[in-house]
Amino acid sequence: MPAWRPDMPNDFIREAIKEDLRAGRFNRVHTRFPPEPNAYLHIGHAKAVWIDYGIALDFGGKFNLRFDDTNPLREEAEFVESIIEDVRWLGADWEDRLFFASDYFEQMYEWAQVLIRKGKAYVCDLSAEELSATRGTPTTPGIESPYRNRSVEENLDLFARMRAGEFPDGARTLRAKIDMASPNMLLRDPVMYRIIHARHHRQGDKWCIYPTYDWAHGLEDSIEGITHSLCSQEYEIHRPLYDWFLDQLGIYHPRQIEFARLNLTYTVLSKRRFIELVNGGYVDGYDDPRLPTLAGLRRRGYTPEAIREFCRRIGIAKTDSMVDIAVLEDCIREDLNRRAPRAMAVQNPLKIVLVNYPEGHIEELDVINNPEDPAAGTRKVPFARELYIEQDDFREEPPPKFYRLAPGREVRLRNAYFIRCEEVVKDAAGNVVELRCTYDPETRGGDAPDGRKVKATLHWVAVPTAVPAELRLYDHLFLKPDPDDVEPGKTYLDNLNPNALQVKHGFVEPGIASAPPGTRYQFERLGYFCMDRDARPGAPVFNRTVTLRDTWARIEKTLQSER
RNA sequence: UGCCGGAUAGCUCAGCUGGAAGAGCGACUGACUCUGGAUCAGUAGGUCCAAGGUUCGAACCCUUGUCCGGCAGCCA
């Protein structure tokens, strides 16, 4: 019996595997992740990958990446590449075991002949419509096909001719002969092969009959020596079929175990809906940072570490679950708080002038890169007479509990000086366009020698060296936790959050303006940001991954409701 | 009406072969503070869907009921 990590999670699948090992049903662990190459992976797939790979890791076993490419109508090589990239990015390692179900087609064909010879499969001439009509309903049995009792010889001959391309699409199928009255409708003589004259992304025109999922999947697992075939809940009712094919063939028999698929609040996790959102122009492609695709999350600034931590926290459930997206956000905050260097950026600039600061002078201030990580060191940040601060950080008539800048009030500029607002400059329309302030040279670095305190610290960027930056502020894609929570006649699209993306034209400190795409920062007091691939050197574009945890906003809300 | 799952803290979920009810998030309280939005610490919370049964002992096993989800592609 192999050793396993003593500190591994204690979920029901790992328990089942331990039991299999104890009982001698298997003496090793080998899992696989079997995506169909017809879409981009999303966070739900990350959960599956991390269950499959994590279990292999915990039991000192092996893990395969296998493309389940049995339907040439839907699959494309493009998706093979993106899926490989995503799984590798997540951190799962399949070593040299990258496989394609289509490589097993010949073996599957031979096994199909075995079933025909055993009288367990037959060629059926019913059309798709006829087949559907004779399948019955969940509560009434189906009707047996008139072709069900063809001779073995005739079945073998017709099956060979199906393969040879003698029949058009849909003309015939190969069906398993099981039980048309089974309460499990999947056992009512399911289709094993269908005729599809289409070019396969790897097999080209070699085949015109293609195996269905139910027939193929167990065989793929068997061929690869998988021990535990882990899949999502919707395949539970397929398990009898999975077992039936393997038992009839008498070949090596892996064990299928199902877990609940992931649902996340304020978003959707379905290929079909991604397509609708992209084609409808609601988002800008499959790697749009508003989408929970792995490509989108990566572009948004999520790290593989955060996604793995998320998978660890949500665990493995048997029942359908809806996970609060706040858990995912907490994971990325926790990770980035530790790792992301701090920087200063202003989203909605308000210019201030320090009237007692020398004109034309620029000084370099030493600033700590990450208070959570002393090893991150320090950097120089330029300071000057003219600065940008956040519009929200100034109120001409401050409400109670507003401790930021206001006329006559003193605050600290982070890592710099105390400043006091002396004068408010407005345009003809009465809008505040500039603040004239004084600074206290004695407070350089941010502390007053006389020990006086200020109640607020503001972030800022020096005007002469400020670099204009596009800041893309992302929020939840949908307005409601459950996007399907709609009135009759409306759809989930009516719940789209129109402010899921807000573009701001702000400024960032010069030192970060040319960082390569993918570089992550915490912009002090604003949130975590990640350089987008649309950026050009000197013309930065930052995506907001997530805001800082917003305790103050909650306090403010309760204060307001008390009044 | 058939079959298969499920119901545990405000939310989302763990809870192995029966042996003193757990986590994360959220909430609340406090500490600290040059991010009043960070960080850290602590507190509260549950008729384990209901009723009955087996047992020395049941969240767990059995029965019945209630409610929720899934299943009628030649998709995976």
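Lettering follows sequence order; numbering is per chain, from 1. As the structure is a computational prediction, the values presented were derived from the model and not from experiment.
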Visitor: Indicate syn or anti for B/rG45, taking the glycosidic torsion and treating anything within 90° of 0 as syn.
Guide: syn
Visitor: State whether A/Arg338 places a side-chain N or O below 4.0 Å from either non-bridging phosphate oxygen (OP1 or OP2) of B/rU39.
Guide: no
Visitor: For B/rG30 versus B/rG70, give the span between their C1' atoms, rounded off to a whole number of Å.
Guide: 48 Å
Visitor: I need the CZ-P distance between A/Phe523 and B/rU35, as an integer number of Å.
Guide: 19 Å
Visitor: Would you confirm whether A/Asn369, through its side chain, and A/Ala376, through its main-chain N or O, come within 3.5 Å as a donor-acceptor pair?
Guide: yes
Visitor: Please tell me which of A/Gly315 and A/Ser132 maps to the more 5' nucleotide of RNA chain B, matching each residue to the nucleotide holding its nearest heavy atom.
Guide: A/Gly315
Visitor: In whole angstrom, give the distance that lies between atom CZ of A/Arg14 and atom P of B/rG15.
Guide: 11 Å
Visitor: What is the distance, rounded to the nearest whole Å, between atom CD of A/Glu234 and atom P of B/rC75?
Guide: 17 Å
Visitor: Does A/Arg74 have any side chain to side chain donor-acceptor pair (under 3.5 Å) partners at least two apart in sequence or in another chain, and if so, which?
Guide: A/Glu36
Visitor: Within 45 degrees of the ring normal and closer than 6.0 Å to the centroid, is that where the cationic atom of A/Arg150 sits relative to A/Tyr122?
Guide: no
Visitor: Of the nucleotides B/rA72, B/rA76, B/rG37, which has the atom closest to the A/Met185 side chain?
Guide: B/rA72
Visitor: Over how many whole Å does the gap from A/Tyr266 atom OH to B/rC11 atom C1' extend?
Guide: 11 Å
Visitor: Answer syn or anti for B/rG73, where the cut-off is 90° from 0 on the glycosidic torsion.
Guide: syn
Visitor: Any donor and acceptor pair, going by atom type alone, linking the side chain of A/Arg175 with main-chain N or O of A/Arg148 inside 3.5 Å?
Guide: no
Visitor: Report the nucleotide, chosen from B/rG15, B/rG24, B/rG2, that has the shortest atom-to-atom distance to any side-chain atom of A/Pro183.
Guide: B/rG2
Visitor: For the pair made of CG in A/Leu230 and P in B/rA76, what is the distance, rounded to whole Å?
Guide: 20 Å
Visitor: Within 45° of the six-membered ring axis of A/Phe100 and under 6.0 Å from that ring's centre, is NZ or CZ of A/Arg202 located there?
Guide: yes
Visitor: Check whether any side-chain nitrogen or oxygen of A/Arg549 sits under 4.0 Å from OP1 or OP2 of B/rC25, and answer yes or no.
Guide: no
Visitor: Is the backbone N or O of A/Glu130 less than 3.5 Å from a side-chain atom of A/Ser127, with the two atoms forming a donor-acceptor pair by type?
Guide: yes
Visitor: Say whether, by atom type as modelled, one donor and one acceptor occur between the side chain of A/Arg194 and the main chain of A/Pro211 under 3.5 angstrom.
Guide: yes
Visitor: Hey, does the side-chain of A/Glu372 have a donor or acceptor N/O within less than 3.5 Å of a partner on the base of B/rU39?
Guide: no
Visitor: Using the P atom in both, what is the distance from B/rC61 to B/rU8, to the nearest Å?
Guide: 15 Å
Visitor: Give me the distance, rounded to whole Å, that separates B/rG52 from B/rG15 when you measure between the C1' atoms they each carry.
Guide: 25 Å
Visitor: Could you work out which one of B/rC74, B/rU35, B/rC75 sits closest to the side chain of A/Arg74?
Guide: B/rC75
Visitor: Taking OP1 and OP2 of B/rA76, is either one under 4.0 Å from a side-chain nitrogen or oxygen of A/Thr70?
Guide: yes
Visitor: Sticking with atom P, work out how far B/rU17 lies from B/rA59, rounded to a whole angstrom.
Guide: 15 Å
Visitor: With rounding to the closest Å, how many angstrom separate the P atoms on B/rC3 and B/rA21?
Guide: 36 Å
Visitor: Taking only side-chain N and O atoms of A/Asn337, does any of them lie within less than 4.0 angstrom of OP1 or OP2 on B/rA38?
Guide: no
Visitor: Suppose you measure atom C1' in B/rA72 against the same atom in B/rC25; what distance do you get, rounded to whole Å?
Guide: 40 Å
Visitor: Is A/Arg172 positioned over the aromatic face of A/Phe167, cation under 6.0 angstrom from the ring centre and no more than 45 degrees off axis?
Guide: yes
Visitor: Rounded off to whole Å, could you give me the CG-to-C1' distance for the A/Asp68 and B/rC75 pair?
Guide: 11 Å
Visitor: Among B/rC75, B/rA72, B/rC3, which nucleotide has an atom closest to any side-chain atom of A/Glu36?
Guide: B/rC75
Visitor: Taking the P atom in each of B/rG10 and B/rA44, what is the distance between them to the nearest angstrom?
Guide: 15 Å
Visitor: Can a donor-acceptor pair be found, under 3.5 Å and without considering hydrogens, that links the side chain of A/Asn370 to the backbone of A/Arg338?
Guide: yes
Visitor: Test the A/Arg163-A/Tyr109 pair against the cation-pi criterion, namely NZ or CZ under 6.0 angstrom from the six-membered ring centroid and within 45° of the ring axis.
Guide: yes
Visitor: Can you find a pair of side-chain heavy atoms, one from A/Ile352 and one from A/Ile419, that are under 4.5 Å apart?
Guide: yes
Visitor: Please tabulate, one pair per line, each protein N/O and nucleotide N/O from nucleotides 58-65 of chain B that are separated by under 3.5 Å, including the distance.
Guide:
none

Visitor: Among the nucleotides B/rU1, B/rA72, B/rC25, which one has an atom lying closest to any side-chain atom of A/Val327?
Guide: B/rC25
Visitor: Check for a donor-acceptor pair, side chain of A/Gln256 on one end and backbone N or O of A/Tyr235 on the other, with a separation under 3.5 Å.
Guide: yes
Visitor: Rounding to the closest angstrom, what is the interatomic distance between B/rA23 and B/rA76 at atom C1'?
Guide: 34 Å
Visitor: Can you give the dot-bracket line for RNA chain B, where a pair is Watson-Crick or G-U wobble with both atom distances under 3.5 Å, crossing pairs use [ ], and | marks a partner on another strand?
Guide: .((((((..((((.....[..)))).(((((.......))))).....(((((..]....))))))))))).....
Visitor: In whole angstrom, what separates A/Glu334's CD from B/rA38's C1'?
Guide: 14 Å
Visitor: Measure from CZ on A/Arg312 to C1' on B/rA23 and round the result to the nearest Å.
Guide: 9 Å
